[in-house]
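Pasting a structure below so you can have a look.
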Amino acid sequence: MSSTINTMATLLQSAISSRSSIIGRATHAAIIKNIDYPYPTFLSNHLVNMYSKLDLTQQAQLILSHIPPLNRSVVTWTSLISGSVQNGHFVSAISHFSNMLKDNVLPNDFTFPCVFKACNSLRCVVTGRQLHGLAVKLGLIRDVYVGCSAFDMYAKMGLRDEANSMFEEMPEKNLATWNAWISNAVIEGKCGKAVGGFVELMRMGGELSQITFCVVFNACADGLDLKLGRQVHGFVVRYGYGCNVSVANGIIDFYGKCRDVNSARLVFDEICDRNDVSWCSMVAAYEQNDEGEKACVLFLDAMRSSIEPKDFIISSVLSACAGIAGLEMGRLVHALAVKACVDGNVFVGSALVDMYAKCGNIEDCERMFDEMPERNLITWNALLGGYAHLGQADMALSLFEEMKSGKLQVVPNYVTFVSVLAACSRAGAVKVGMSIFDSMRSRYGIEPGHEHYACVVDMLGRAGMVERAYEFIKRMPSPPTVSMWGALLGACKVHGHNNLGKIAADKLFQMDPQDSGNHVILSNMFAAAGRWEEANVVRMDMKDVGIKKGAGCSWISVKNSVHTFQAKDTSHERNSDIQAMLAKLKSQMKAAGYIANTRLALFDLEEEERESEVWHHSEKIALAFGLCVIPPGVPIRITKNLRICLDCHSAIKFISGITGREIIVRDNNRFHRFKDFDCSCKDYW
DNA sequence: CTAGGGTTAG
């Protein structure tokens, strides 16, 4: 009999380790059949533990309630509580704890770590302190496990003083204590302190664990310390943790964040037992390094490898789709999310809102937003960013007003201000924008970062206040970035401030010598002003340094294939249809009052040639093709690798009006949505 | 028979 009982206990344990509710229930059935009721208490405890760990709480509670009150022990209750915590039911865990006290059972050194963890997950400071008091009263706080979890709780709640005194007063520290200490130093943003703790730990010469390495790679990733991380990686290999999947996942994340995506991939390829976290980390690493296509390809590999499309990997790949404006892929992932029932997850939903916004699809973006069961600041920021991105400044600003009013239960953060300033910039709302910028520090205590400064430069520049923008750059507390000088150069080009443009361009040439775009802008700027000599000098410089201007091209996706066009392209198999469409459009457009805008076209051509030059830009050819093959009522989406030109911008307004079609062009800067002789961004700019 | 510290995302 006792051997049967032991066998059952072992089976229940293996049900937990294999997370198999089938084994668990089958064993329960076997117990009912083979063992006399009432069962020995320790077997009932095993049952409670099994059901609780496998997240079958109701059964666990049922078993517990059938144990005679005198036999219900702290072990029974702790089994129930620990399962609730491990499955993320923190409120239930606390209520089980209070039921335990009502049952006249006192917690032990196993119970406290569970409930401290529940408190810190719930950010329940008051309950946490009460529990701490109880642990002191019961004399359990000196236990190394209890002390460690109490320290961790205070640290994660941000109660630094309490955490520190907990740590100092601990009579005993073990590896877990140090792991918790390092991990909390990372959370505090003190990566140097975290790494110092690790070095100290190594010097003490004790054992390290996989968790130690996980937290240390976190520290290296957070501190962007590629050199140190590489050293620790070497140490990991020597220490024999190289094939531990959790450690490897941490290493992938670390290399990804430190922008060494190739090393991340090497580690990924070496893992023999990849799990969903490995795939997700690698997808995220590609995404964070602007390799959106590789991220998508890897995601599809993951799906083929039978990785479940869970919330984490779905939201990672969605941001990759957003980054490359891959609407088709984004829709496919959306469908997978619905099928896997994760589209209601707040991370996934926010990523979907963001993806649709960045793909220029504001209706789906808003619809997704409206349908979300739960929203948080990130969700609101995604929608706000969408409005800013698509030039709907009025919507962006009114949303921001709502956020400020507190009605939405969210407080604007760093990202919120980037979007709202971008929206002001596009709307030309300099006054509003500047007062929002000032309110960041004064009212919200957020120190403006380089993105905010860049928005202000852009805002002033667009509004024609280029001198003021230049003054603003000069007075900034931190060194100007490429995007600030780029915004200033762009503004100088449009507003004809050639000398200041030259200053901005020279800065850009120093910072980013291989970029052809800035040279082209400067050269065209001089050309537009009739300063041919200087324009030529810039072109010659480009040749000297060996910079090639990348070929401009536009592409359009029809059904499952992508059609790419260059300027003057006649190579497409439907070329005759395209040319006929272009000719028809041209005459209709002229009749409607279209005049070619050649101000910023290549300078060394006669006017007639310049007209012909702009007429054969790749985006117009792609659009003509789209008009031939995309049925009426379906928006035509075109992507261009460079900035759309001034003439194409006005030409497409005419074409949208004449054909009654909605046309969306994404260039390397932003979206332009054309409808009824109009564009979502009022100016070309 | 019950426990702590860790890896992925918007």
Side-chain angles (χ1 to χ4, degrees), chain A residues 5-6 9-10 12-13 16 40-50 52-53 73-83 85-86 107-117 140 143-153 155-156 174-184 186 209-218 221 244-254 256 275-285 287-288 310-320 322 342 345-355 375-382 385 415:
Chain A
I5 291 171
N6 286 334
T10 313
L12 290 172
Q13 289 290 9
I16 296 171
T41 308
F42 93 90
L43 191 58
S44 297
N45 289 345
H46 265 295
L47 275 167
V48 172
N49 191 35
M50 182 277 292
S52 184
K53 292 279 162 22
S73 70
V74 63
V75 176
T76 324
W77 283 103
T78 303
S79 299
L80 184 66
I81 294 167
S82 73
V85 172
Q86 285 173 20
N108 68 3
D109 48 341
F110 283 64
T111 322
F112 277 108
C114 300
V115 284
F116 282 140
K117 188 175 175 178
L140 290 167
D143 177 84
V144 63
Y145 291 113
V146 176
C148 174
S149 52
F151 159 73
D152 190 55
M153 174 184 75
K156 292 222 163 68
N174 64 9
L175 181 57
T177 323
W178 285 105
N179 289 341
W181 189 83
I182 295 171
S183 122
N184 283 302
V186 179
S209 71
Q210 45 166 330
I211 294 176
T212 317
F213 290 113
C214 285
V215 299
V216 170
F217 281 112
N218 242 345
N244 179 289
V245 64
S246 297
V247 175
N249 295 343
I251 299 176
I252 293 172
D253 177 56
F254 148 72
N275 60 17
D276 54 335
V277 178
S278 322
W279 286 94
C280 178
S281 304
M282 194 60 228
V283 168
E287 190 272 314
Q288 288 156 1
K310 286 200 235 154
D311 46 359
F312 270 92
I313 194 165
I314 291 276
S315 55
S316 296
V317 74
L318 281 172
S319 51
V342 295
N345 172 290
V346 65
F347 277 83
V348 172
S350 304
L352 280 165
V353 171
D354 184 55
M355 184 276 292
R375 302 184 190 103
N376 63 17
L377 176 61
I378 311 290
T379 327
W380 290 102
N381 279 350
V415 177

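Hydrogens, waters and symmetry mates are skipped; everything else that's a heavy atom, side chains included, is used. Below, chains carry the letters A, B, ... as their sequence lines are ordered, and counting in each starts from 1. In this text the structure is predicted, and so the values were computed from the model without any measurement.
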* To do: Could you check whether A:N108 gets within reach of a base, just the sugar-phosphate, or nothing at all, counting any heavy atom under 4.0 Å?
  => base

* To do: Could I get the full list of salt bridge (charged side-chain N to carboxylate O under 4.0 Å, His left out) partners for A:K117, not counting sequence neighbours?
  => none

* So what does A:S246 hit on the nucleic acid, given a heavy-atom distance under 4.0 Å: a base, only sugar-phosphate, or nothing? -> base

* Asked: What is the nucleic acid contact for A:K310, judged by heavy atoms within less than 4.0 Å: base, sugar-phosphate only, or nothing?
  -> nothing

* Tell me what A:T76 touches on the nucleic acid: a base, only sugar-phosphate, or nothing, going by heavy atoms under 4.0 Å. => nothing

* To do: Have a look at A:N376 and say if it touches a base, only the backbone sugar-phosphate, or nothing, with a 4.0 Å heavy-atom cut-off.
  => base

* For A:F217, enumerate each residue passing the ring pair (Phe, Tyr, Trp, His ring centres under 6.0 Å) test, keeping only those at least two apart in sequence or located in another chain. => A:F254

* Asked: With a 4.0 Å cut-off on heavy atoms, is A:N218 in touch with a base, just the backbone sugar-phosphate, or nothing at all?
  -> sugar-phosphate

* Pick base, sugar-phosphate or nothing for A:L175, based on heavy-atom distances below 4.0 Å to the nucleic acid. => base

* When we call it a touch if two heavy atoms are under 4.0 Å apart, what does A:V346 touch: a base, just sugar-phosphate, or nothing? -> base

* Asked: How would you label the contact of A:V215 with the nucleic acid (heavy atoms, under 4.0 Å): base, sugar-phosphate, or nothing?
  -> sugar-phosphate

* Asked: Can you tell me if A:S79 and A:T76 form a side-chain donor-acceptor pair at under 3.5 Å?
  -> no

* List in chain and number order the residues that pass salt bridge (charged side-chain N to carboxylate O under 4.0 Å, His left out) with A:D109, two or more places apart in sequence or in another chain; answer none if no residue qualifies. => none

* Asked: Does A:N49 offer a backbone N or O that forms a donor-acceptor pair with the side chain of A:S52 under 3.5 Å?
  -> no

* **Set of ring pair (Phe, Tyr, Trp, His ring centres under 6.0 Å) partners for A:W380, sequence neighbours left out** => A:F369

* To do: Please find the earliest and latest nucleotides of DNA chain B, in the 5' to 3' direction, that have an atom within less than 4.0 Å of any heavy atom of chain A.
  => B:dC1 to B:dG10

* Base, sugar-phosphate, or nothing for A:E287, non-hydrogen atoms under 4.0 angstrom? -> sugar-phosphate

* Determine the contact category for A:A382: base if any of its heavy atoms lies under 4.0 Å from a base atom, sugar-phosphate if only primed atoms, P, OP1 or OP2 are that close, otherwise nothing. => nothing

* **Residues which pass side chain to side chain contact (heavy atoms under 4.5 Å, CB included) with A:N184, listed by chain and number, not counting sequence neighbours** => A:F151, A:D152, A:A155, A:K156, A:A180, A:I187

